[in-house]
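In what follows, a structure is listed as C-alpha cells, so that the remarks can point back to it.
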Number of protein chains: 2
Amino acid sequence: MNSKLGLLEPLESLSMTDRVENILREYFTENAFKPGDALPNELEIAQKLNVSRNVVREALSRLRMLGMVEARPRRGMIMSQPDVLGGIEKVLNPFILSQSNQQDIFELRLILEMGIAEFLFARKTDKDLDELELIVEKQKKLPVLSKEDEIEFHGKLYDMTGNETFQRFQSLLFPVFEHVFATLSKQEEQAVIADPVSHYDLFRVLKEGTPEEFRQAMRVHLSVYYNTIK
Amino acid sequence: MNSKLGLLEPLESLSMTDRVENILREYFTENAFKPGDALPNELEIAQKLNVSRNVVREALSRLRMLGMVEARPRRGMIMSQPDVLGGIEKVLNPFILSQSNQQDIFELRLILEMGIAEFLFARKTDKDLDELELIVEKQKKLPVLSKEDEIEFHGKLYDMTGNETFQRFQSLLFPVFEHVFATLSKQEEQAVIADPVSHYDLFRVLKEGTPEEFRQAMRVHLSVYYNTIK
DNA sequence: CTAGTATATTTGTAGGACAAATGTAAAGAT
DNA sequence: ATCTTTACATTTGTCCTACAAATATACTAG
C-alpha cells in the first residue's frame, strides 16, 4: 500500500482570499482594464462577491504588491502598470530557495550571459566602449579580480544592452549565482587558474570583432562556471 | 519654474501593511528562517509590532501568495519554499504591461533562445533527439508553420535543457513575445520570407554539430525577430 | 456667479466576535 | 498502570462594526 501515493496531488482547497484574488485578476483581463482605469470600490466588490471586505482587502493587498492596482486613499483604486520583476525580487533569497531552484538560476544566468551578444553589437556606442575601456584598463593592473570587479564589468555589459528589465533581472539573479558558485567552490577545491579570456579580451572583441567571436570568447571566459555543469 | 521637477521622486509614504511586509521579510532572513520552521502566530506579531491583526494578515497574505509562508489552519504558520516564478506569472499579461516592458520581454526571450546552446549539447540524449526528429519530420511536410508548431519545436528544446525554472520562464514569456511580434508585423507589413534555417536544419546541427554552429544557425533562424531590433 | 461651507465618499486601520479543527491535558474506565 | 473518552486551549479564516482623514461634490450665502 501507499505505492505511488506521492504522485497524487492534494485537492487544492483555496481560501476565499485566494479565490477572490483569482476572480479579480480574471475580471480585470476579461473586461480589458487598462492602467488608469477606475476600479469598483472595496465594498461594492465585497457585496457582489458576497464576501467580507476583509477578504477583498487581502486579495487587493496582493495585487497592490504586484503593482497591478494602485489605491489612492479616499479617492478609490485604479489599475496600474505592474512591476514585472517586483514579485520575483522579494523571493530571490538563496537561503529560502530550494537547491534545485538555485541551480536553475545559476544556469539561467549563464544562459543570459551567452545570449546578449547580438544586442551588445546592435547597441554599443563609442561612449559605452570608452567607459568599458576605463574599466578593463583598471582591472588589467590588478593581480586578481574581486566580486565587485566582476559586477562592474558585467554590469556595464548589461547596461549596454539597453534593456532595463534584463538589467534588473540580472542584478537580481547575481546573489543567487554567487551563492551557488561559492558553495560549489568550497566542495570542489579547484585550483583558480588564470582566466584564458580576460575582461580585456572581451572588450577588444566587442570593439572590433563580431557577435560570433564575442560569444565564443564569452564561452571561454565563463568556462570556470560551465565546468560545474551536469 | 517647475524645471526638472519631474526628476524628484515622491517620498514614499508606506502603509502599515507595506511596512509590516518589509519588516517580516527582514525578520525571516535576519533570523535565518528555513522552510519548515514555525512562525509566531498572527496575534503575537500584531502585538509586538503594535498594529492590528488586519494589517498583519494583509502582509502575510502577500507572503503567502509568493509561497514564502504557508498557513495551516488551526496549526499555525510555517516557512515554505517560495515559487520563484509565481509572482511574475500573475503579472505577465500583455494588456497590462507597458510598451517598454513588453519590448524588454520580447528581447529577453531572444537572449534566452541564443543562450541555451551549451546546455542543449551538454544534456541532449538519444531519446530527446528521437523525439525532436519526429517533430521536425512532421513539420517538414507542412507548407507553413503555425504558432503551435513553433511552440512544439522550441518547447522541446527548452525541455532538453533540463532546467525546469527556465522552461517555465520561457512559457510565461511566450505570450508577451507573440503579442509584441504580432503588433510589429501588423505595422511593418513585411513579406514573410521562407526560413533560411528551418527547424529541421537546427535539429541536424544539434545532432551532429557543435554549440558554436548551433548558435550561428539559431541566430539566422531568429533573424525575422532580430531584424525588428533597434 | 463666486466664495465659502457642509456632506458624501472611500481607503486605512483598529478591534471584537465566532466557527472549525487540531493538539493537549484531564478525567474516567478497565 | 494503561487505554479511552472528554474537555479545553489554540489558531487561522471569515465576518462585522466603527472611525479618522482627505478628497470630490453639492449646497448655501453673499
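Order of the sequence lines fixes the chain letters, A, B, ..., with proteins taken first and strands second; residue numbering starts at 1 for each chain. Remember, predicted model here, so these are calculated numbers, not experimental data.
Taking a 4.0 Å limit (strictly below) on heavy-atom distances, residues 35-50 of chain A reaches DNA chain C at A:Asn41, A:Glu42.
Of the two residues contacting DNA chain D, namely B:Arg57 and B:Asn54, the nearest-nucleotide position lying further toward the 5' end is that of B:Arg57. For the pair A:Arg75 and B:Arg53, nearest-nucleotide mapping onto DNA chain C gives the more 5' position to A:Arg75.
Between A:Glu58 atom CD and D:dG13 atom P there is a gap of 8 Å when expressed in whole angstrom units. One can place CE of A:Met77 at 18 Å from P of D:dT23, the figure rounded to the nearest angstrom. If you take CD1 of A:Ile78 and P of C:dT10, they are 15 Å apart, rounded to a whole angstrom. In this structure, the CG atom of A:Leu60 is 13 Å from the C1' atom of C:dT10, given to the nearest Å. What separates CZ of B:Arg72 from P of D:dT10 is a distance of 17 Å, to the nearest Å.
In the displayed structure, A:Glu164 atom CD is contacted under 6.0 Å by at most 12 heavy atoms of other residues, nucleotides or ligands. Environment of CZ in A:Arg72: crowded, with over 12 heavy atoms of neighbouring residues, nucleotides or ligands closer than 6.0 Å.
Considering only side-chain N and O atoms, B:Ser52 lies nowhere under 4.0 angstrom from the phosphate OP1 or OP2 of C:dT13. The side chain of A:Thr17 places no N or O atom within less than 4.0 Å of a non-bridging phosphate oxygen (OP1 or OP2) of D:dG13.
Ranking C:dG23, C:dT11, C:dA21 by closeness to the B:Arg74 side chain, first place goes to C:dA21. With C:dT11, D:dG13, C:dT13 as the candidates, the nucleotide lying closest to the side chain of A:Pro73 is C:dT11.
B:Leu157 has its side chain within reach of B:Met218: a pair of non-hydrogen atoms, C-beta onward, lies under 4.5 Å apart.
Between B:Glu152 and B:Lys138 there is a salt bridge, since at least one side-chain N of the basic residue sits less than 4.0 Å from a carboxylate O of the acidic one.
A salt bridge (charged side-chain N to carboxylate O under 4.0 Å, His left out) check over residues 84-111 of chain B, counting only residues at least two apart or in different chains, returns the pairs A:Glu21-B:Lys90, A:Arg123-B:Glu107, B:Glu89-B:Arg168, B:Arg109-B:Glu113.
Nearest approach of B:Leu49 to B:Val20, heavy atoms of both residues: CD1-CG1, 4.0 Å.
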